[in-house]
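Below is one structure, written out as structure tokens; the observations come after it.
A quick note: this is a predicted structure, and the numbers were derived from the prediction, not measured.
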Amino acid sequence: MQDILTGLNPAQKQAVEAVEGPVLILAGPGSGKTRVITHRIAYLIKVVGINPHRIMAVTFTNKAAREMETRLNLLAPSAAGRLTMGTFHAICARILRQDGLPLGVPADFVIYDDDDQQSLIKQAMAELELDPKRYPPASIRNAISQAKSQLVLPAYYFEKGRSYFEEVVGRVYELYEKRLKQNKALDFDDLLLKVVQLFKQHPEVLSRYQERYLHVMVDEFQDTNLVQYELVKMLSAKYKNICVVGDPDQSIYSWRSADLRNVFNFETDNPGAKVILLEQNYRSTKNILEAASCVIAPNSGRKPISLWTENESGQPIAVVETFNEQEEAQFVVSEIEKLTRYEKFSPGDIAILYRTNAQSRALEEAFIRYGMPYRLVSGTRFYQRREVKDIVAYLRLLQNPHDSVSLQRVINIPTRGIGAKTLSDLGQFAREQDISLYESLINLSDENAPKPPIPSRGLKPLTDFGLLLKSLITDAQNLPLLNLLDRLLEGINYREFLFASEDGEERWDNILELRTVAQQYQEIAPPEGLSAFLESVALVSDLDSLEEGVSAVTLITLHQAKGLEYPVVFMVGMEEGVLPHSRSFDDPAQMQEERRLCYVGVTRARKRLYLVRAFRRSLMGQSNVNEPSRYLKDIPQSITKGREKQPPPGQYTAASAASPVIKQHLQSAGMPVKSASPPAPKLLELEAGDKVLHPQFGEGIVTSINRVKNDAEVMISFHSVGMKRLMLSFARLTKLEN
DNA sequence: GCCTCTGGATTTTTT
DNA sequence: ATCCAGAGGC
């Protein structure tokens, strides 16, 4: 037990030893959070004597779970594999496969990702004859997902006093649920929600789990939504040993329903909760830490966490202005060149962080031009690639033939002459008979079964497809995964099909890559090998494959960078409109989140931090001049080292394209400077009473409009979120016909 | 049923 | 600038 507590600071030690009752650990960035969690688990096992089987540790990412597993193995090897450790979704999927039946969740359910979810929603909307122009499927999906994350059921939308938009959401939600059930499918939100429902409706199941888990720990608690919190509350209700670890300043996923109320209400929710602050930072230099503190300080309603470090002051923060994004990229690359050539840093020590994926483009081009190795985390994600999704859809169909979303996806892949008309006829028939699409296909080759009304010309491909599926489904029961996969690829002539398309070779390579992943499931006996594979495919992300120790510069979004650290960090695009993103301008809560995002970025850096901005930036095809990010102003000059642009080189003769420094120069020399600001945008013509659509808030009614300068303040009563005040130029409103 | 064109939108994406 | 979905033409 010596080794478990030695080397911990007093706060960490306190956190490790606080094993009784509810505990809230507020852990600043770089404060040794993972260390505390793993040591606490080791302490529970080796000192308190808890059976590892009775401990649950929940994380958000597979990567975090894996890391914890690895580190725990060093401390308490005997516990290996005996804990329940994993992501919320993985743990819930397991519970449902085992105990879902009483709730009507079949053990062989498939998991729908966001794309599948959207397909099914579109389909439901078509069935309800709802115009996707008026009710964007993405908004509806979002509304449904939000609802599910907050334990809201369709019935809520039919209560008195709901708006028409909400009623629409309710109707789609209801039908969507019905279709999910028919497809024996669950979406990501369901994995959590169904477990909560299972526990509520079947107390005997709940009490079994409650009995088992003496200790429940949750990592990244600031990212939990209401359902997730509800879940851990239920699980820990008997023994009340619930320990949550998080940092509200690093909450950047509210748009994925993360709810900070979970953190802020924890103490009132859990009387007698111990609160422990981890404030000593082991990661960054004093300068970097101070910059971080200054960035986050202006946010209101924060938990009182103030970071400190015994690390050296280090270098000043480099604040750099470049002309445009090409020059920004060039600066980054040449600076990296210097860092790796003249200093001790290697490319693997360096990361470039940005707000939006689109920003990676210019950077990549520069890296390629200079022949410098880089790795881009998640351009198009592997499991999102069309060819990979197609084959995964086939495999899902083999596990669960009722999965109509997958069936519709692959029914004409490769092209076999089954078009939209045939498909809709088939779909209508299936609905009328109340059978699945697969069953109606099978009916075609069964003499006694009712037949869908398909013109004879379209029949043959359908019948053949049905027979192909049927035989593959039998194979799925008997063949090891790789053999099954190969038989599938052969049965549909997939290689030939891909090679006939553009980028055929690359796409086939992706299939071979998928095959390599499948190889790991080869040893699991036939039907289970397939389902284990599919489950892992559904629940992994790209970040999971982010290897360490690669000798290349990492290009990564700020969101994805959470939880990572690098000796050298470049944050690019430090401009108003980029960070903070212009889409957040009209919502104070979102603006606070942008600030947290900046804070997350800054705190990724260990030794060196560069904050880079471009004077001009092309976004969506047009070039704009952006102000420096407000966050730059929050960092005191005493710890920064500015590197304003050099005097104008030849190519920057256009005054309108000059940096502010250059412009001043020109102006004082009596030269005319044309304003580089874009022309005032055309504003939407609106008046009170107009009906409008907002991409996030949905439909609303304009209650008042107040012109200011070139813009206007509009008050809008939204059906979904009530009254909001928005700036017309920023709010992406669409006018709807009254 | 397949191909081509156009219009619209384009933050972030742990599972 | 680009990507995608849906519409319309062959």
Side-chain angles (χ1 to χ4, degrees), chain A residues 58-65 86-93 111-115 117-119 122 126 131-133 136-138 142 145 149 186-192 219-220 222-225 227-228 250-258 325 353-359 361-362 377-378 380-381 383-384 386 412 415-423 455 457-458 461 535-544 546 556-564 573 577-585 587 590 593-594 596-598 600-601 617-623 695-696 732 734:
Chain A
V58 200
T59 61
F60 267 83
T61 64
N62 297 300
K63 193 167 179 288
T87 65
F88 271 105
H89 292 84
I91 291 176
C92 286
I111 300 168
Y112 278 177
D113 69 14
D114 296 7
D115 280 349
Q117 195 184 6
Q118 186 133 331
S119 308
K122 267 193 210 153
D131 179 7
K133 292 254 166 59
N142 200 35
S145 175
S149 313
L186 300 181
D187 62 29
F188 283 136
D189 299 311
D190 280 338
L191 292 175
L192 313 165
D219 189 17
E220 304 283 14
Q222 77 281 353
D223 290 334
T224 50
N225 63 32
V227 172
Q228 288 161 334
Q250 293 185 68
S251 161
I252 54 175
Y253 282 103
S254 73
W255 50 277
R256 297 277 284 190
S257 308
E325 72 268 26
L353 275 47
Y354 39 82
R355 174 71 237 260
T356 67
N357 280 309
Q359 290 172 256
R361 180 75 156 280
V377 179
S378 135
T380 327
R381 299 191 279 292
Y383 288 105
Q384 302 274 91
R386 206 171 53 229
N412 205 26
T415 356
R416 44 174 81 85
I418 303 173
K421 179 73 173 67
T422 310
L423 190 54
R457 187 162 40 92
E535 182 142 327
S536 79
V537 164
L539 301 178
V540 296
S541 79
D542 270 18
L543 218 50
D544 294 334
L546 190 77
I556 191 169
T557 65
L558 286 164
H559 281 90
Q560 291 176 316
K562 195 184 69 161
L564 305 177
V578 179
L579 183 68
H581 198 275
S582 53
R583 294 272 235 153
S584 298
F585 283 164
D587 183 338
Q590 281 197 59
E593 186 149 314
E594 295 286 324
R596 294 195 290 265
L597 201 47
C598 183
V600 166
R617 180 177 300 275
S618 297
L619 277 172
M620 295 173 213
Q622 66 169 357
S623 174
Q696 195 194 343
R732 300 215 156 186
T734 325

Item to check | Ring-base stacking, Trp255(A) with dT12(B) (5.5 Å, 30° cut-offs) | outcome: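 Taking the rule of under 5.5 Å and under 30°, the ring of Trp255(A) does stack on dT12(B).
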
Partners of [X] by side-chain contact (heavy atoms from CB on, under 4.5 Å), sequence neighbours excluded?
X         : value
Ser119(A) : Val405(A)
Arg386(A) : Asp390(A), Arg409(A), Arg507(A)
Asp115(A) : Asp113(A), Gln384(A), Lys389(A)
Pro132(A) : Pro137(A)

Whole angstroms only, please: what is the [atom1]-[atom2] distance between [X] and [N]?
X         : N       : atom1 : atom2 : value
Ile556(A) : dT13(B) : CD1   : P     : 9 Å
Asn225(A) : dT13(B) : CG    : C1'   : 14 Å
Leu192(A) : dT14(B) : CG    : P     : 15 Å
Asp587(A) : dT12(B) : CG    : P     : 18 Å
Leu353(A) : dT12(B) : CG    : P     : 14 Å
Arg355(A) : dT10(B) : CZ    : P     : 14 Å
Asn62(A)  : dT14(B) : CG    : C1'   : 9 Å
Leu191(A) : dT15(B) : CG    : P     : 13 Å

Item to check | ring pair (Phe, Tyr, Trp, His ring centres under 6.0 Å) involving His89(A) - partner list, sequence neighbours excluded | outcome: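 Partners of His89(A) under the ring pair (Phe, Tyr, Trp, His ring centres under 6.0 Å) test: Phe188(A).
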
Checklist entry - For Phe60(A), which residues count as a ring pair (Phe, Tyr, Trp, His ring centres under 6.0 Å) partner, sequence neighbours excluded? => result Phe88(A)

Next on the checklist: Would you say that Thr557(A) contacts Leu353(A) through its side chain, given a criterion of any heavy-atom pair below 4.5 Å between the two side chains?
Outcome noted: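 No, every pair of side-chain atoms sits at 4.5 Å or beyond.
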
Next on the checklist: Return a single string for nucleotides 1-10 of chain C, one symbol per nucleotide in 5' to 3' order, where B is base contact, S is sugar-phosphate-only contact and - is none, cutoff 4.0 angstrom on heavy atoms.
Outcome noted: BS---S----

Checklist outcome for this item: Of Asp114(A) and Ile252(A), the one whose closest nucleotide on DNA chain B sits nearer the 5' end is Ile252(A)

Next on the checklist: Any base atoms under 4.0 Å from Thr59(A), or only sugar-phosphate, or nothing? Heavy atoms, all strands.
Outcome noted: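 Contact class for Thr59(A): none.
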
Next on the checklist: Side chains of Asp219(A) and Thr59(A): any donor to acceptor distance under 3.5 Å?
Outcome noted: no

Checklist entry - Considering only heavy atoms and no angle criterion, is a donor-acceptor pair shorter than 3.5 Å present between the side chain of Arg256(A) and the base of dT15(B)? => result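 A donor-acceptor contact between them is present.
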
Checklist entry - Which residues pass the salt bridge (Lys or Arg N to Asp or Glu O under 4.0 Å) test with Arg617(A), sequence neighbours left out? => result Glu328(A), Glu575(A)

Next on the checklist: Please tell me if Asn357(A) has a side-chain N or O lying less than 4.0 Å from either OP1 or OP2 of dT13(B).
Outcome noted: yes

Got a list of protein N/O to nucleotides 2-5 of chain B N/O distances below 3.5 Å?
from, atom 1, to, atom 2, distance (Å)
dC2(B), OP2, Asn412(A), ND2, 3.1

